[in-house]
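Report on the structure given below.
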Number of protein chains: 2
Amino acid sequence: MGSLTDIQEKLTQAGLKITHQRLVIYEALIKSMSHPTAEYIYEKIKKKNPSMSLGTVHKTLDKFVEVDLAKKVLSVDHLKRFDANLAHHNHIYLENSKEIIDYHDEELQDLILEYLKKKDLKNIKIKDVQLQINADKIDQKLSVSIK
Amino acid sequence: MGSLTDIQEKLTQAGLKITHQRLVIYEALIKSMSHPTAEYIYEKIKKKNPSMSLGTVHKTLDKFVEVDLAKKVLSVDHLKRFDANLAHHNHIYLENSKEIIDYHDEELQDLILEYLKKKDLKNIKIKDVQLQINADKIDQKLSVSIK
DNA sequence: GTGGGTGCAAACAATTTGCAAGTCG
DNA sequence: CGACTTGCAAATTGTTTGCACCCAC
């Protein structure tokens, strides 16, 4: 799913030229599970790609969104955040650990859409729904790791 | 619910001094149904309060969040947006008109929480859930008002 | 070869900070 | 009066833009 040739094919299909920068940025975007900013990706990859410029990361991520290789993600901080996971999925915000993790659940999605369909909200055509689950992480390791 | 004395009481309860700026900003925040930025509120009130500074609006809104008189809101643009409505409620993003409107539905909220409770996600303690409904506005007036 | 892509730096936008002056309690 | 709040301006942070050079196709 994230192999090099796979990424190359996606870029081509999207009508984009295959460049080293795009491969690296897309790979980093896939790998980072919590929804990264341009800055974050830049930091991740610049060690192995010292000539990479932050501006390019911005432009590239925007381009990915434009051609539907990625999407923008809602966030409470006021930073642009991206996500390579295009499938409908929900987000769990772990408030105590500040993590954002994906939660995919077709059944729940259908349940909600069914419910809203019955409600028949007027003047509005629902395209999709996304659930944000606010939670705390319960992790034994946490209390121990305070050291 | 939004009377002057009412707001004053809320400020006092929150341990904040009552100042003209805070009254005006809080009132504007309550009144604006779509989730405003500091800039937006500043523009709304500066006509009647020419000495108000944008920096104060920022500081005041942050302060309101700090004392739970308001909360930060998720947004796709990368702007800080606020909301005086503290009750659990869902957001409908009207993608074509860029509006964000509130959608309160206790029944739906319960439905979702019930479902998730049965799922029993491990290592996670759910605090609340919020639904984002992406939709398009269907409005006859729209097509006419193109002029 | 050429059109799109990159790197760099400057411009821009939104927010934050520092501080002197003002005001609520 | 004293601590908190404000207004102003400068600083910071994050993103965008312009443009000469470069390279994938």
Side-chain angles (χ1 to χ4, degrees), chain A residues 4-5 7-26 28-29 35-67 69-70 72-82, chain B residues 4-5 7-26 28-29 35-67 69-70 72-82:
Chain A
L4 248 180
T5 45
I7 299 176
Q8 294 185 337
E9 198 173 318
K10 282 189 181 178
L11 289 174
T12 307
Q13 278 173 11
L16 300 182
K17 286 184 184 171
I18 296 168
T19 66
H20 177 65
Q21 289 83 338
R22 284 176 177 163
L23 293 174
V24 173
I25 292 171
Y26 189 65
L29 180 59
H35 309 208
T37 60
E39 185 78 35
Y40 179 89
I41 288 196
Y42 174 67
E43 290 301 327
K44 278 283 170 194
I45 61 188
K46 84 168 174 195
K47 202 165 151 188
K48 286 186 181 162
N49 308 270
S51 71
M52 176 83 60
S53 99
L54 177 57
T56 297
V57 178
H58 276 286
K59 284 177 191 165
T60 301
L61 289 171
D62 284 344
K63 182 63 85 176
F64 284 170
V65 172
E66 192 186 317
V67 300
L69 277 177
K72 285 188 213 161
V73 148
L74 294 170
S75 69
V76 270
D77 50 29
H78 52 288
L79 273 46
K80 268 180 106 164
R81 295 185 170 276
F82 297 87
Chain B
L4 248 181
T5 47
I7 298 176
Q8 293 185 338
E9 197 174 318
K10 281 189 181 177
L11 288 174
T12 306
Q13 277 174 12
L16 301 182
K17 286 185 183 168
I18 296 168
T19 66
H20 177 64
Q21 289 84 338
R22 283 176 178 162
L23 293 175
V24 172
I25 291 171
Y26 189 65
L29 180 59
H35 309 214
T37 60
E39 185 78 35
Y40 179 87
I41 288 196
Y42 174 66
E43 290 300 328
K44 278 286 171 194
I45 63 187
K46 82 167 175 195
K47 205 163 147 188
K48 288 187 181 162
N49 308 271
S51 71
M52 175 83 60
S53 99
L54 177 56
T56 298
V57 179
H58 277 286
K59 285 177 191 165
T60 302
L61 289 171
D62 284 345
K63 182 64 85 176
F64 285 171
V65 171
E66 192 185 316
V67 301
L69 278 177
K72 287 189 212 160
V73 146
L74 294 169
S75 69
V76 269
D77 50 28
H78 51 288
L79 272 47
K80 264 179 110 166
R81 293 184 172 277
F82 297 87

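Letters go in sequence order (proteins before strands), and every chain restarts at 1.
In this model, the phosphate group of D:dC8 is not approached by any side-chain N or O of B:Ser53 to a distance below 4.0 Å at OP1 or OP2. Put simply, A:Gln21 has no side-chain N or O that comes within less than 4.0 Å of OP1 or OP2 on D:dC23. Between A:His78 and C:dA14 there is no side-chain N or O to OP1 or OP2 distance below 4.0 Å.
The distance from atom CG of B:Leu54 to atom P of D:dA9 is 13 Å, rounded to the nearest whole Å. Rounded to an integer number of Å, the gap from B:Leu11 CG to C:dG25 P is 9 Å. Taking atom CE of residue B:Met52 and atom P of nucleotide C:dG22, one finds them 18 Å apart after rounding to whole Å. Rounded to whole angstrom, the span from the NE2 atom of A:His20 across to the P atom of D:dC22 amounts to 18 Å. In this structure, A:Lys63 atom NZ and D:dA24 atom P are separated by 17 Å, rounded to whole Å. Taking atom CG on A:Leu16 and atom C1' on D:dC23, their separation rounds to 15 Å, with Å as the unit. Atom P of nucleotide C:dC8 and atom CG of A:Asn49 are separated by 13 Å, given to the nearest angstrom. When rounded to the nearest whole Å, the span between NZ of A:Lys46 and C1' of C:dG7 equals 15 Å.
B:Ser51 comes within contact range of the sugar-phosphate backbone alone, with a heavy-atom separation under 4.0 Å but no base atom that close.
Sequence order on DNA chain C of the closest nucleotides to A:Thr19 and B:Leu79 puts A:Thr19 first from the 5' end. Nearest-nucleotide positions on DNA chain D place B:Pro50 closer to the 5' end than the other of B:Pro50 and A:Lys17. Remark on DNA chain C: of its neighbouring residues B:Arg81 and B:Ile18, the 5'-side contact belongs to B:Arg81, judged by nearest-heavy-atom nucleotide.
The shortest non-hydrogen separation linking B:Ile45 to B:Ala28 is CG2-CB, 3.7 Å. The shortest heavy-atom contact between B:Thr56 and B:Ile25 is O-CD1, 4.3 Å. The two atoms that bring A:Tyr42 and A:Leu54 nearest to each other are CE1-N, 3.5 Å, heavy atoms only.
A salt bridge does not link A:Asp77 with B:Lys72: every distance from a Lys NZ or Arg NE/NH1/NH2 to an Asp or Glu carboxylate oxygen is 4.0 Å or more.
Residue A:Ala38 places its side chain closer to D:dT15 than to any other of D:dT5, D:dT15, D:dT6. Among D:dT16, C:dG5, D:dT6, the nucleotide with an atom closest to any side-chain atom of A:Arg22 is C:dG5.
The base of D:dG18 sits with one of its N or O atoms less than 3.5 Å from a complementary donor or acceptor on the side chain of A:Lys59.
Remark: aromatic rings of B:Phe64 and B:Phe82 are distant, center separation not under 6.0 Å.
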